[in-house]
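Worksheet: the structure to be examined is printed underneath.
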Amino acid sequence: TAIVFLLGWVAGLAEAFAGIRLGQRMIYEVAAELFARLQQMSLRYHTSRSVADSIRRVTGDSTCVSTIFSGALLPALTSMVSIVFMCGIMFRVNVGLTLLALAVLPIMIVAFRRYSVPMMDLGYEQQVADTAIYQVTERTLTAMPVIQGYSREPAVEQEFRKAAMTSLNVALSLTRVQMRFRLVIGLALALGTAGILW
């Protein structure tokens, strides 16, 4: 148990260090690539997109690489190593209990297949909704003399509130799907634990 704890602690430390060091480097590299690519795009492209959308792509979307690396790949790798070691230890202790513990995997796989696409779709919708907030903000701040000159502040504020409410509603929908996914995974783990204890 002490060895497993120490190995887990070392793996967690390595994951945190790699996540910060490599993750930040990847963010800046992708942001630089996106920035360079945006400069090469045609004027037609730039007139069809708002400046806020382009800023969001460079500053916001570039962080997705770090999220994928430090939030998905590294934890998946460390989890796989932990599972292999734990299954090896469990098989040596009791084959029947190990098979019972692994019996919950099909439930987890079905839950992942069922909820992964809606979570990705709603995540993309939330990015689009957040971009709308950036667009309203950018358009308002660059046209502030005109907005104040024609007393358009209440209308612009209403537009901002509408964009923010849309983003909030999408975030709530995403959270509902994520909570259902966590419930199914948690129930599967609880059933496995209950079966082992029984």
Side-chain angles (χ1 to χ4, degrees), residues 12 15-16 18-35 37-38 41 45-79 104-105 107-144 147 152-191:
E15 178 184 346
I20 293 169
R21 186 174 173 84
L22 297 175
Q24 289 299 318
R25 184 179 297 159
M26 281 191 273
I27 288 172
Y28 297 136
E29 286 293 324
V30 170
E33 292 284 334
L34 284 172
F35 187 72
R37 182 75 176 126
L38 278 172
M41 299 300 287
Y45 172 84
H46 287 291
T47 55
S48 68
R49 301 274 180 150
S50 70
V51 173
D53 183 59
S54 298
I55 292 172
R56 173 97 173 136
R57 299 284 176 212
V58 173
T59 60
D61 290 356
S62 59
T63 60
C64 293
V65 174
S66 176
T67 302
I68 290 169
F69 180 75
S70 62
L73 293 179
L74 280 180
L77 181 63
T78 55
S79 296
V104 298
L105 282 177
I107 298 171
M108 295 174 142
I109 291 169
V110 167
F112 182 75
R113 288 180 153 224
R114 164 71 178 89
Y115 290 107
S116 63
V117 173
M119 284 191 289
M120 285 190 296
D121 291 344
L122 286 168
Y124 182 76
E125 279 184 47
Q126 186 173 13
Q127 292 288 328
V128 171
D130 289 345
T131 299
I133 294 172
Y134 277 83
Q135 289 173 342
V136 172
T137 304
E138 181 261 333
R139 191 171 59 239
T140 302
L141 294 177
T142 55
M144 191 55 72
I147 289 170
R152 298 284 302 154
E153 294 96 333
V156 173
E157 181 183 347
Q158 192 64 29
E159 185 181 0
F160 182 88
R161 288 182 183 277
K162 183 180 176 184
M165 192 55 84
T166 300
S167 179
L168 176 64
N169 289 334
V170 173
L172 289 172
S173 297
L174 176 60
T175 302
R176 279 192 287 273
V177 173
Q178 289 173 337
M179 293 307 290
R180 284 189 220 123
F181 174 72
R182 289 182 187 150
L183 176 66
V184 173
I185 296 296
L187 282 173
L189 291 173
L191 286 173

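- Taking the side chain as every heavy atom from C-beta outward, R180 and L183 never approach each other to under 4.5 Å.
- Closest approach of I185 and A111 over heavy atoms only: CD1-CB, 4.1 Å.
- Remark: T175 OG1 to R182 CZ distance equals 8.0 Å, nearest 0.5 Å.
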Using side chain to side chain contact (heavy atoms under 4.5 Å, CB included), reason through L122 and Q126 one step at a time and then give a plain yes or no. CA-CA 6 Å; L122 286 168; Q126 186 173 13; over 6 Å; no

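- If you take OH on Y115 and CE on M179, they are separated by 12.0 Å, rounding to the nearest 0.5 Å.
- The line from CE of M144 to CZ of R152 is 13.0 Å long, rounded to the nearest 0.5 Å.
- Closest heavy-atom contact between A129 and S167: CB-CA, 3.6 Å.
- Within 6.0 Å of CE on M165 lie no more than 12 heavy atoms contributed by other residues, nucleotides or ligands.
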Under the criterion side chain to side chain contact (heavy atoms under 4.5 Å, CB included), I'd like the reasoning laid out for L189 against M108: C-alpha separation, chi angles, the key distance, then a yes or no. CA-CA 9 Å; L189 291 173; M108 295 174 142; 3.2 Å; yes

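- Taking 4.5 Å as the limit, some side-chain heavy atom of Y124 sits within range of a side-chain heavy atom of V128.
- The shortest distance between side-chain heavy atoms of R57 and R49 falls below 4.5 Å.
- Side-chain atoms of V136 and R139, non-hydrogen and from C-beta on, do get closer than 4.5 Å to each other.
- At a threshold of 4.5 Å between non-hydrogen side-chain atoms, the residues L38 and Y45 count as touching.
- In the displayed structure, F35 atom CZ is contacted under 6.0 Å by at most 12 heavy atoms of other residues, nucleotides or ligands.
- In this structure, S54 OG and M41 CE are separated by 9.0 Å, a value rounded to the nearest 0.5 Å.
- E157 has a carboxylate O that lies under 4.0 Å from a charged side-chain N of R161, or vice versa, which qualifies the two as a salt bridge.
- The number of heavy atoms from other shown groups lying within 6.0 Å of CD (E29) does not exceed 12.
- When side chains are defined from C-beta on, Y134 does not count as touching E138, because their heavy atoms never get closer than 4.5 Å.
- For the atom pair CD1 (I27) and OG1 (T59), the distance works out to 11.0 Å, reported to the nearest 0.5 Å.
- Note: D130 CG to T166 OG1 = 10.5 Å, rounded to the nearest 0.5 Å.
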